[in-house]
Amino acid sequence: MNMRIGFGYDMHRFEKGRALWIGGIQLDHHSGLLGHSDADVLIHAICDALLGAANLRDIGYHFPDTSPEYEGTDSKILLKKCISLLHDKGYRVGNIDTTVCAEYPKLNPHIPTMRQKLAEVMELDSDAISIKATTSEKMGFVGRGEGITAYAIALIEKI
Ligand SMILES: [Zn+2]
């Protein structure tokens with residue numbers, strides 16, 4: 001079996017005065033997501049899917065939120081590190097499929113830019129990265145606009 005799949009999930013809550021980073025780009029919004037790094041919820045879900053596919057533990061294991069090294073860090077750097085961990089173990093990425101669940105801001109207009117940015121970081125064709133956006137139909141913490149969740153699956157193959 002030369003192919004493996006992995007799943008990733010992440011959530012962050014909104015905090016006023018923070019910059020909002022999703023999918024490697026900054027979005028114009030009155031609040032951002034709270035986290036030790038830039039709190040890019042989509043990139044974190046992708047990192048966990050990639051690490052999970054290669055059975056390399058999780059994002060918190062490699063980049064602990066107690067480490068000053070990763071305070072305020074650009075999550076694109078973490079994603080690049082996950083890709084190199086995969087390469088070290090002899091895998092490359094096949095494709096990635098994701099869903100971001102947010103009541104606001106509207107993400108659909110930004111999806112092509114996010115895909116392009118993530119493709120650049122992972123050195124993949126942008127066709128290998130799918131991003132879907134949905135809301136929570138006003139239910140639960142996402143529906144009340146308290147935070148954002150993201151889900152990702154990744155397929156990797158032995159080089
Ligand atoms: Zn996160």
Side-chain angles (χ1 to χ4, degrees), residues 5-86 89 91 93 95-108 110-111 113-124 128-136 139-156:
I5 58 163
F7 170 75
Y9 168 69
D10 195 30
M11 65 164 88
H12 285 273
R13 64 181 166 90
F14 276 116
E15 171 112 329
K16 279 216 156 41
R18 294 259 308 177
L20 179 60
W21 287 90
I22 301 177
I25 64 168
Q26 193 176 349
L27 300 176
D28 196 20
H29 197 53
H30 55 70
S31 301
L33 294 173
L34 182 64
H36 187 65
S37 65
D38 65 7
D40 191 320
V41 66
L42 176 55
I43 288 188
H44 294 178
I46 292 172
C47 286
D48 261 0
L50 293 170
L51 293 171
N55 207 347
L56 283 167
R57 304 286 300 261
D58 57 51
I59 190 171
Y61 176 81
H62 293 282
F63 317 111
D65 65 5
T66 48
S67 162
E69 190 188 339
Y70 300 114
E71 195 173 342
T73 204
D74 180 342
S75 293
K76 293 190 282 297
I77 294 168
L78 308 184
L79 180 56
K80 247 193 181 337
K81 287 187 178 175
C82 289
I83 294 287
S84 73
L85 285 167
L86 247 67
K89 208 173 169 181
Y91 291 104
V93 180
N95 74 297
I96 292 166
D97 184 26
T98 68
T99 298
V100 184
C101 197
E103 213 60 34
Y104 55 77
K106 289 292 162 221
L107 300 177
N108 269 318
H110 306 290
I111 286 177
T113 318
M114 291 178 188
R115 285 178 53 210
Q116 196 55 50
K117 179 55 76 183
L118 295 177
E120 256 170 54
V121 174
M122 290 188 275
E123 295 178 36
L124 291 174
I129 303 159
S130 151
I131 301 172
K132 308 185 297 298
T134 186
T135 70
S136 191
M139 295 180 290
F141 70 89
V142 171
R144 291 190 296 271
E146 293 169 11
I148 293 182
T149 57
Y151 305 80
I153 55 168
L155 184 137
I156 62 170

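For ligands, and for the atoms within them, numbers begin at 1 and follow the listed sequence. Just so it is clear, the structure is predicted and the values come from calculations on it, not from any experiment.
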Among the N/O/S atoms of [X], select the one at the shortest distance from the Zn ion (ligand 1) and name it.
X: H12; value: NE2
X: D10; value: OD2
X: H44; value: ND1

Q.
Once you measure the plane-to-plane angle for Y104 and F14, does it fall in the parallel (<30°), tilted (30-60°) or perpendicular (>60°) bin?
A. parallel
| Hey, are H44 and D10 close enough side-chain-wise for a donor-acceptor pair under 3.5 Å? | yes
Here the gap from L118 atom CG to L79 atom CG, rounded to the nearest 0.5 Å, amounts to 6.5 Å
- Message: Main chain of A54, side chain of K89: is a donor-acceptor contact present, judged purely on distance under 3.5 Å?
- Response: yes
